[in-house]
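We name chains A, B, ... by the order of the sequence lines, and we start the count at 1 in each one.
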Amino acid sequence: MDLKMEDFNAPHSMGTTIIGVTYNGGVVLGADSRTSTGVYVANRASDKITQLTDNVYLCRSGSAADSQTVSDYVRYFLHQHTDFTYRIQLGQPATVKVAANLVRLLSYNNKNFLQTGMIVGGWDKYEGGKIYGVPLGGTIIEQPFAIGGSGSSYLYGFFDQAWKEGMTKEEAEQLVVKAVSLAIARDGASGGVVRTVTINSEGVSRKFYPGDTLPLWHEELEPQNSLLDMMNVASPEPMNM
Amino acid sequence: MSSIGTGYDLSVTTFSPDGRVFQIEYAAKAVDNSGTVIGIKCKDGIVMGVEKLIASKMMLPGSNRRIHSVHRHSGMAVAGLAADGRQIVTRAKSEATNYESVYGEPIPVKELAQRVASYVHLCTLYWWLRPFGCGVILGGYDRDGPQLYMIEPSGISYRYFGAAIGKGRQAAKT
């Protein structure tokens, strides 16, 4: 495979797999960690789940620049809204629905310039855990679970079979990790580690799953510390199998 | 208590030596001399009532409406100069729809009251504007239940369990 010079100047895209899942009491957001410029992996440990407020987080996919800019603007608008309307006056954080609406207004009104699909997830005291999908084009749709990014193509069938209502927190987290690792296995543009963020009434907790802790799929090998472990250690010539 | 400004009451941008803005107080008098308006907050909603003033027998009953709906879950009753009141109601309606189109949820009553109060206060800051000659009782129902606010010509807004403005307010309050 020839690496052309154009690939290094290509815009950073986040190939990506992103997931948001509601469970009984909150939401779990998950993502892979690969940022690619063409075929070069610009960042193999990126964090695609960004914070909008204390209780609302955003999963980003598509163009890295576009999604970062949208999330910066929404964070700013939300803080303006929260701090001036809600916190100073009402003394409480904004709802997930409000955050999601701000994301989709930016996405829709700038649809000709942006290329980013996002998943907004969080917990508020009025509606509990909620997930809103805001795909390309700027539509907003409230869903019990949402998937996005190039790796999500491989997860539609998986979720049809594995998803169920009213899961516990542990079940939801396991489902998300399993799903992201499946997408990483099949999608070349997704890879690295799995990051999850769980949001509920008690707060937010971030988890990190390095490659060797992920479930193995069909035909995948056990992770090795070194290829040399596979060979006879006593042999002075490593290539002599 | 009629106090004469003697020179300090000619403009809304002039303070008197004892720290009062007479124009705003005169605007409040316009409200005090108008038909009574009452609002009560209940456990499950708001009730508002206005005194119907029939100027002439030729007037169609049902015209000269003084209670207006602002949005799906909020309404306003106006006392004082009716035309001024119409302006405030129009502003409140547009604030409510604008909020919903940006934030995707109905405007919280507290926020609506704040915006209307800011608008009323705005007209007390410039010499080329006169203060609104009307007081407003704003009632609404949001996520936190029913709430009642009263906004005076000075731009002050307070939250109430029960409020009355106009000629009969002293009688209403007892």
Distance in Å, Tyr103(B) OH paired with Leu105(A) CG, rounded so as to fall on 0.5 Å steps:
10.0 Å
Within the 4.5 Å heavy-atom criterion, are Arg143(B) and Lys125(A) side-chain neighbours or not?
no
Could you tell me which non-hydrogen atom of Leu102(A) sits nearest to which non-hydrogen atom of Val102(B), and how far apart they are?
CD2-O, 3.7 Å
Would one find more than 12 heavy atoms of other residues, nucleotides or ligands at under 6.0 Å from atom CD of Gln115(A)?
no
Quick one: side chains of residues 69-81 of chain B, donor-acceptor pairs under 3.5 Å with protein atoms, not counting sequence neighbours, listed by atom name and distance.
{"unit_1": "His71(B)", "atom_1": "NE2", "unit_2": "Glu100(B)", "atom_2": "OE1", "d": "2.6"}
{"unit_1": "Arg72(B)", "atom_1": "NH2", "unit_2": "Glu100(B)", "atom_2": "OE2", "d": "3.1"}

Under 6.0 Å from the CZ atom of Phe159(A), do we count more than 12 heavy atoms belonging to anything else shown?
yes
Let me check something: any side-chain donor-acceptor pairs from residues 125-136 of chain B under 3.5 Å, sequence neighbours excluded? List them with distances.
{"unit_1": "Arg130(B)", "atom_1": "NH1", "unit_2": "Asp84(B)", "atom_2": "OD2", "d": "2.8"}
{"unit_1": "Arg130(B)", "atom_1": "NH2", "unit_2": "Asp84(B)", "atom_2": "OD1", "d": "3.0"}
{"unit_1": "Arg130(B)", "atom_1": "NH2", "unit_2": "Asp84(B)", "atom_2": "OD2", "d": "3.4"}

A side-chain contact here means heavy atoms from C-beta on lying under 4.5 Å apart; do Asp144(B) and Tyr126(A) qualify?
yes
